[in-house]
Structures are given as structure tokens and as C-alpha cells.
Peer 1: 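Here's a structure for you.
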Amino acid sequence: MSRNKKDWYRRMSFYQIWIRSFYDGNGDGIGDLYGVYEKLDYIRSLGVDGIWFSPIYPSPNADFGYDISDYKNIHPDYGDLAQFQKVLDKAHAIGLKVIMDLVVNHTSDEHPWFLESRKGKDNPYSDYYIWRDAPNNWNSLFEGKAWEYDPVRKQYYLHLFAKKQPDLNMDNPKVREEVKGILRFWLDLGVDGFREDVINFISKKEGLPDGIPFLPAANGLPYYKDGPHIHEYLAEFRKVCEEYDCFQVGEGPFTSVKSALKYLSGPTKSLDMMISFDHMMADCFLSEYIPRPFSLRKLKKAFSKWQYTLAGKAWNALYLENHDHPRVISRYGSEHLYWKESGKMLAVSYLFQQGTPFVYQGQEIGMTNIRLSSIDQYVDVVSIYNYHAFHQKDPEKKRMHRIHLASRDSARTPVQWDDSRYAGFSEHKPWFAVNPNYKKINVAAEEADPDSILAFYRKCLALRKHSKTLLYGTYREYFPKHDKLYVYERAYGEIRYLIICVFSHFPVKLQLPTVYAGKKGQLLLCNYPDPEGSENGMMRPYEARVYRFRVK
Ligand code: GLC
Ligand code: CA
């Protein structure tokens, strides 16, 4: 793959901040930019090179920031533009890039554009949103029907997500100009790029045809995913970004790797990376609300499909956690028996693939899901809707179990900094429940333990950063049918890294690809303190190893 000036993002890794739960700097129980400022050195110490801020703009928080009411400002809960500039300057000074969340599929219904648009058909904002006299049959992805009647305008507006998130009409050139204005505003302040929310949904098919009637939530998907003008619109945004040394990672729900390639390469290239979802479905079907037993083969298939298809053509975004998914140890690992081992193994399973890794706040210390006893204690719109809308006949226990498995709130509990009250997140009662396991799982405890998950993340991120093979080498998977071992290789010239991960509560026989048989590799990394501790060619539960070979 050709390397150009803008390749810096390929050598990087990112840390994602979901600010409300990151760290409270001013003692009101809500995470903020004062807290981020204090923790920048910690973030840098992980070995990451950049921060992605989930939305920090003014928002009524119907979807915790993803419903924006002012694109060019900071939510007063989090600080102000001056404090943002302070964070940005310090981040840059210590070698961290900063990317912002660009949420332009929809706004908040409290955004002034929407307030104007509601008023009627003859004002400058009338066509900023998608209004119809009669709805089609689309369902929203978050809350029932995708159309809401507005008694003021006496029409229905489209919302693919929550009711309080009306979809923008991207076919309106004025709306696209607004988007470019937003990009410029933040780029002029000095940010380094954008993570672009549900970006593959912004162009809707003309006429908004009815969707497949029997499909639930996503029935309109064929008419808004990768819509007719998506690549034109993104090209316009790309042009602005190209005036700056800025990079763009899109979020592509339901995207196939084939359609992702169109965004990431060739004449329609408009993004540098795509956040894909296939590998987040190894224990569910379409969404975490339809759980299935975990399947390693499914996980490996998703990983390898993206690795192979993008190879030499485009670049992967690597992640296992973000604010939209429950904690990964609770899903693909072992929360109790092998918490530490599986937490580290999961790091190894994705950080050494080809691509730019993202680490989500709290992931680096192995935070796990929370299990609150009543739905009233949950705040995420999707959790609440799913609880009330589905399986009403199920007993309460079963309904809550589903929430415990699936809720996005599990990823949104306050970060556990130490074992003091409120986990050191704040001196004030936090805005959302702290996971009761904070006495054991917290940054301070792990800083003091050289064998901690935290210490291991640091090792992994450093190893990746300093190895050409791990950065640029080719990817190859071995034993794809094995249902307990994930084995992959990265190769660059004579140097090969072999990565072996055990997904099992029981020991598993080590398997080496035949090309390595009889060769002596150097064991660079192991997630057990005594790397030689496994016997007779067995690997221990959730063990992970990284070997380096020189092959002539
Ligand atoms: C993206 C965000 C998610 C949000 C949704 C609607 O998937 O990551 O948090 O709820 O878009 O904006
Ligand atoms: Ca605060």
C-alpha cells in the first residue's frame, strides 16, 4: 500500500473518552473537560497517540450527546470552549492528537434549526429535515416507528434513531454547507480529525419507499444505508478535510466489508477508516438484544474477513469496546474465574491485527458490566425502549437479564480510578451508578501491580508501536475452524509475529502452523506471569502468547 503524508494515523492508537463518565474535575458528579485535563498524562502514559471524544457539545442528552443542540460549542456540564482549547493545547504538547465526533445524520429536536423548521414550510430551515404528510412503514433503530407527528408543523418528521433525534435532510445543499462549516470550525480550533457517526445513513433514497414489512427495527435499511448520494456528499466533506492534515474515521452500522471498501479506497474514497460491527456479533444476532452463545469461529471469521478484504487496499479500525456495547470481558471473556487473564488475552486478540486500535475508557483496566436491579436505574434510551417494548410476557428476571447482557449503560458507568468512595471518579455522588467491583478493579490498584491488565495494555501498545511488522505486516489466520484457539500471524520481510489466543475456561493443546514447526521463536509477550508455566504443550485458560520468528 502506498504510504503518503497522511499516514500518521496508521501508526497511532486512540483512546476513546465518553466524557460524562470519565473523570469529574469540578466536583458535581459529572465528568468534564477539567477532569480530562487532569488525566491527559495518564492517557499518554498508556502509549496511545490520540483521543476520540464522543460528543461534548450542548445536548439535552436524550442520547447522551448524540443529540446535538449546538455544533459549535461545549456542553456547560463539561466546560466551555476556553477549557476545550486548554485540553487541546496540552494534548498536542504531550503528543496526543484529538478527534471529535461529527454527528450529522440527525440533530436534537431542540436544535434551533429544528425549532425553526417546525414552524412551517416557508422559512430558511423548512427543508433542513425530512418532513412528510404521511409516514412510510420504516421503523426507527431506537424507539418504535421512524416517524413522529409534529403538531406545530402538522407533518411527520423522520427519525432513524430516537424521537428526539430528527434526521437532517442531506439532499439540501444548505445542510451540507452547515456540515462543512462545522468541520471548519473545529479544524480551525486545531482538532486533528473526526469520527463520523452513522455516516453511511446520511443519504436517503428519493421517495423514501416502504421497507420490508416483516423486518423489525431495520426494515428501511436498504433505502438509507449507502444511499444514492452518499459518496458525493462525503466527497464534499472530504474536500474540506483535505485542506487540513485531518483524518476521518466513519462509523458504519450494518456495513459489509465490500461496501466499506468504497468509502475507504478507489475513486470514491472519502474516509480513512471504518468502524465496522461484524466482530461485535459473535454472541448475538444483529444486536446484543438478541443474544446467542458466544462463538469464537464467528468472531474469527469477522476479524479475518475485514483483515483479508482490506489488505493492501485500505486500513482497519480495530476495537472491542466503545460506548455502544457492553464490556467485552463480560461478553467474550471470563468475568469471574479468569478476569485478568481474559482481559489481557482479549487485548492481544485485536491490538496486533493490521489497523489502528481504539481503546475505550476503562477497557484498559478490565472494567466489566454492571447489573442494576431495576430498569428504573437505567438511563440509555435503547435499554429502556427494549425493556418495555419486547418480551413483555417474560418474567421480570428474564427481562432484566437481557438488559444486563445488552445495555449500553454497562459501558457508561464512571471510570474506576481508585478504591475510595465513588471510585475516585468524583467527590460528589456520580450522575450514574458506579460498578460495585471498583474496590478490586481500579486504576490505582493496577498502577501498583506490574502484572495488571493496565500494565499489560501498556506493553501491548508499546510493542505494536515499535514494530514495523505489527504496524504494516500482512495478516494471516491459521486454524480458522478451531473453536478454542485464535491464531494469527503478521509478516514483514523475514520477521513474523505469531499470535495465539485461548478462548476457553480449560487448557487447550497448543497448535503451531507447520511452517513454524521446529523453529525457535522468541516469546515476546504472555499474559501469565510465568510464561514457561504451561505443561506438555498445553496452553492455559485464556492464555495469550506473542512469538517473534525470523524466517529466511
Ligand atoms: C452511533 C453512536 C450511538 C448513537 C447513535 C445515534 O451509533 O455511536 O451512541 O446512539 O449513533 O447517534
Ligand atoms: Ca463535573
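Remember, it's 1-based here, ligands and their atoms both numbered in the order they're listed. Atom set for the values below is all heavy atoms of this structure, side chains included, hydrogens, waters and symmetry mates excluded. Residue indices begin at 1 and follow the sequence shown.
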Peer 1: Measure the distance from atom 8 (O) of ligand 1 to every protein heavy atom, then report the residue, atom name and distance (to 0.1 Å) of the closest one.
Peer 2: Asp324 OD2, 2.4 Å
Peer 1: Does either side chain, that of Ser259 or that of Ser256, offer a donor lying less than 3.5 Å from an acceptor on the other one?
Peer 2: yes
Peer 1: Parallel under 30°, tilted from 30 to 60°, perpendicular over 60°: which one fits the rings of Tyr66 and His323?
Peer 2: parallel
Peer 1: Does the residue Phe142 have a heavy-atom contact with ligand 1, meaning some pair of atoms that are separated by less than 4.0 Å?
Peer 2: yes
Peer 1: Indicate the ring-plane relationship of Phe358 and Trp52, choosing parallel, tilted or perpendicular according to the 30° and 60° boundaries.
Peer 2: perpendicular
Peer 1: Thinking salt bridges, do Asp283 and Arg292 make one under a 4.0 Å N-O criterion?
Peer 2: no
Peer 1: Which of the numbered atoms in ligand 1 are below 4.0 angstrom from a heavy atom of His323?
Peer 2: 2 (C), 3 (C), 8 (O), 9 (O)
Peer 1: Using a 4.0 Å cutoff against the non-hydrogen atoms of Phe161, which atoms of ligand 1 qualify?
Peer 2: 6 (C)
Peer 1: Heavy-atom contacts with Arg195 under 4.0 Å: which atoms of ligand 1 show up? List them by number with element.
Peer 2: 2 (C), 8 (O)
Peer 1: Can you tell me which residue and heavy atom of the protein come closest to atom 7 (O) of ligand 1, and the distance to 0.1 Å?
Peer 2: Glu251 OE2, 2.8 Å
Peer 1: Any donor-acceptor pair under 3.5 Å linking the side chain of Trp417 with the backbone of Phe22?
Peer 2: yes
Peer 1: Please name all residues satisfying salt bridge (Lys or Arg N to Asp or Glu O under 4.0 Å) with Glu251, sequence neighbours left out, ordered by chain then number.
Peer 2: Arg195
Peer 1: Counting each atom of ligand 1 from 1 as listed, which ones have a heavy atom of Asp63 under 4.0 Å away?
Peer 2: 4 (C), 5 (C), 6 (C), 10 (O), 12 (O)
Peer 1: Tell me which donor-acceptor pairs under 3.5 Å the side chains of residues 218-225 have, and how far apart each pair is, sequence neighbours excluded?
Peer 2:
{"from": "Asn219", "atom 1": "OD1", "to": "Asn139", "atom 2": "N", "distance (Å)": "2.8"}
{"from": "Asn219", "atom 1": "ND2", "to": "Asn137", "atom 2": "O", "distance (Å)": "2.8"}

Peer 1: Are Ser426 and Asp24 close enough that a side-chain donor and a side-chain acceptor fall under 3.5 Å?
Peer 2: yes
Peer 1: I'd like to verify the contacts: list protein N, O or S atoms under a distance of 3.0 Å from the Ca ion (ligand 2).
Peer 2: Asp24 OD1, Asn26 OD1, Asp28 OD1, Ile30 O, Asp32 OD2
Peer 1: Just jot down the ligand 1 atoms closer than 4.0 angstrom to any heavy atom of Val198, in number order.
Peer 2: 1 (C), 7 (O), 11 (O)
Peer 1: Starting from atom 1 (C) of ligand 1, what is the nearest protein heavy atom, named by residue and atom, and what distance separates them?
Peer 2: Asp197 OD1, 2.7 Å
Peer 1: At less than 4.0 angstrom from any non-hydrogen atom of Arg408, what atoms of ligand 1 do you find?
Peer 2: 3 (C), 4 (C), 9 (O), 10 (O)
Peer 1: With sequence neighbours excluded, what pairs up with Arg412 under the salt bridge (Lys or Arg N to Asp or Glu O under 4.0 Å) test?
Peer 2: Asp324
Peer 1: For atom CD of Glu206, is the number of surrounding heavy atoms from other residues, nucleotides or ligands below 6.0 Å larger than 12?
Peer 2: yes
Peer 1: Can you name the atoms of ligand 1, numbered from 1 with element, that are less than 4.0 Å from a heavy atom of His106?
Peer 2: 6 (C), 12 (O)
Peer 1: Check this for me, if you would: do Lys90 and Glu38 make a salt bridge, where the nitrogen-to-carboxylate-oxygen distance has to be below 4.0 angstrom?
Peer 2: no
